[in-house]
Amino acid sequence: MDLGYQDKVAVVTGGSSGIGLATAEQLLKENAKVVICGRNLERLQHAKDLLSRKVPNRKIYTQICDVLNQEAVYKLANFVASELGQCDLLVNNAGRGFVATFEKTTYQDWRTELELKFFSQIYPIEAFRHMLLQSNQGAIVAVNSLLAFQPEPHMVCTSAARAGVQNLLKSLSVELAPKIRVNSILVGLIESGQWERRFESREDKNQSRENWFSELAEKRKIPMGRLGLPQEAANAIVFLGSNAARYITGTFIEVSGGLSRFI
Ligand code: NDP
């Protein structure tokens, strides 16, 4: 299957770790030129070094950018326009989850979480829309969560925000068609940054990594018996963003090891 990334430019927000980093790697392997952004310069440099070692002789660019800072997002788009002259794929991946029940969620938590989930889509889409419209293969892929359709009471605010994002993406897939396709992936539990951080802060420091992750998979009743790997989420993103998916828009691929209970 030809994914058609040769000479294409992809921008991955939150590309210095986890799913974003794995997506950048796959896109480089498919011969795309890749721009990654994140808030921390050291992490970005580390990611660039890693990608340059794993996929040598490819074009990888890094830019500091907080996707919640409108000015910074426009700066990122200007950088891409002046350095590369085009953007064919935007992967809106930057973000994190917020764990709290309704009782424990403050008004400020609601505002912060809703802002993160919505504006991490809105600012980059607005800033890159013009370039994506000029591409003959314009695509947006958002990294969203199964929580959008299967809310969890212990993540009430994130779940509600994620449902709203799916709704927004559906509208955009109509408004931006036929020039830009808009899709998402819905992830379950992926073994990346946030789970690594939770593992690091585990109560029983004697518990091994393997044991901690397999207990988590068992507790969450993941049919595939394990958490997903960042590369497995990246595979779906790279497919949805590619020319091989050129008739697919306004939909999603679930990458959850069978965790969803809806049909
Ligand atoms: P990681 O923590 O491994 O990576 C997150 C990346 O996003 C980092 O590169 C981080 O870099 C960057 N980032 C975070 N906030 C911002 C911001 N405001 N502006 C720019 N960059 C930012 O997490 P994952 O790979 O797991 O997460 C990727 C996406 O998948 C997130 O949106 C997350 O919510 C979603 N997700 C993940 C799940 C999982 O099980 N892993 C489950 C459900 C959803 P830096 O901190 O330097 O800015």
Side-chain angles (χ1 to χ4, degrees), residues 1-5 8-15 19-20 23 26-27 30 32 34-35 37 67-68 70 73-74 76-77 80 86-95 113-151 158-188 190 232-256 260 262-263:
M1 181 164 47
D2 180 15
L3 298 182
Y5 280 116
K8 299 295 180 199
V9 173
V11 174
V12 182
T13 69
I19 298 169
T23 303
Q26 311 252 36
L27 288 166
E30 290 296 331
V34 178
V35 182
C37 82
V67 292
L68 297 184
Q70 187 185 6
V73 176
Y74 271 86
L76 173 69
V80 174
Q86 68 192 79
C87 175
D88 306 283
L89 169 63
L90 171 65
V91 180
N92 278 336
N93 162 74
E113 188 60 2
L114 290 170
E115 186 187 358
L116 170 65
K117 294 297 180 289
F118 279 99
F119 283 94
S120 62
Q121 301 295 328
I122 294 167
Y123 288 149
I125 291 174
E126 187 55 43
F128 284 94
R129 187 172 56 154
H130 186 62
M131 274 185 276
L132 291 167
L133 283 170
Q134 287 173 341
S135 167
N136 60 3
Q137 204 178 300
I140 295 166
V141 181
V143 177
N144 206 352
S145 159
L146 196 55
L147 294 171
F149 293 132
Q150 192 162 292
T158 293
S159 299
R162 293 217 180 267
V165 166
Q166 275 312 107
N167 188 295
L168 166 69
L169 297 172
K170 191 73 175 175
S171 294
L172 287 174
S173 71
V174 177
E175 184 173 332
L176 299 177
K179 290 296 292 177
I180 307 173
R181 295 181 303 103
V182 183
N183 292 295
S184 60
I185 65 161
L186 300 186
V187 295
I190 302 290
E232 291 163 339
N235 286 341
I237 296 170
V238 171
F239 168 68
L240 282 174
S242 79
N243 195 41
R246 62 189 170 274
Y247 198 56
I248 300 177
T249 194
T251 191
F252 59 85
I253 294 180
E254 187 197 318
V255 187
S256 74
S260 69
F262 58 87
I263 296 174

Item to check | Listed once per pair and sorted, the side-chain hydrogen bond (donor to acceptor under 3.5 Å, both in side chains) pairs that draw on residues 131-142, sequence neighbours left out | outcome: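 Sorted pair list: Lys8-Asn136, Asp88-Ser135, His130-Gln134.
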Do any N or O atoms from the side chain of [X] and from the backbone of [Y] form a donor-acceptor pair under 3.5 angstrom?
X	Y	value
Asn93	Val143	no
Arg162	Ser159	no
Thr249	Val182	yes
Arg181	Leu240	yes
Tyr5	Ser242	yes

Do you know which two heavy atoms are closest between [X] and [Y], and how far apart they sit?
X	Y	value
Gly4	Asn243	CA-CB, 4.3 Å
Leu186	Ser145	CD2-O, 3.6 Å
Ala177	Ser173	CB-O, 3.2 Å
Ala94	Gly14	CB-N, 3.7 Å
Ala127	Ala77	O-CB, 3.6 Å

Item to check | Working for side chain to side chain contact (heavy atoms under 4.5 Å, CB included), residues Ile140 and Leu172 | outcome: CA-CA 10 Å; Ile140 295 166; Leu172 287 174; 5.9 Å; no
Output the distance between atom [atom1] ([X]) and atom [atom2] ([Y]), rounded to the nearest 0.5 Å.
X	Y	atom1	atom2	result
Leu133	Leu176	CG	CG	6.5 Å
Ile237	Thr23	CD1	OG1	3.5 Å
Ile253	Asn183	CD1	CG	8.0 Å
Ile185	Phe239	CD1	CZ	13.0 Å
Asn92	Tyr123	CG	OH	13.5 Å
Gln86	Leu132	CD	CG	10.5 Å

Next on the checklist: Going by side chain to side chain contact (heavy atoms under 4.5 Å, CB included), Val238 matches just one of Val91, Leu3, Leu89. Which one?
Outcome noted: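 Looking at Val91, Leu3, Leu89, the match for Val238 under the side chain to side chain contact (heavy atoms under 4.5 Å, CB included) is Leu3.
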Item to check | Partners meeting salt bridge (charged side-chain N to carboxylate O under 4.0 Å, His left out) with Glu115 (sequence neighbours left out) | outcome: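 Not a single residue meets the salt bridge (charged side-chain N to carboxylate O under 4.0 Å, His left out) criterion with Glu115.
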Next on the checklist: According to salt bridge (charged side-chain N to carboxylate O under 4.0 Å, His left out), who are the partners of Lys117, at least two apart in sequence or on a separate chain?
Outcome noted: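 Checked Lys117 against salt bridge (charged side-chain N to carboxylate O under 4.0 Å, His left out); matches are Glu113.
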[X]: what forms a side chain to side chain contact (heavy atoms under 4.5 Å, CB included) with it, not counting sequence neighbours?
X	value
Glu126	Tyr74, Arg129
Gln150	Leu146, Ser260, Arg261, Phe262
Ile122	Phe118, Phe119, Leu168

Checklist entry - With a 4.5 Å limit on heavy-atom distance, are the side chains of Gln166 and Phe149 in contact? => result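 They are in side-chain contact.
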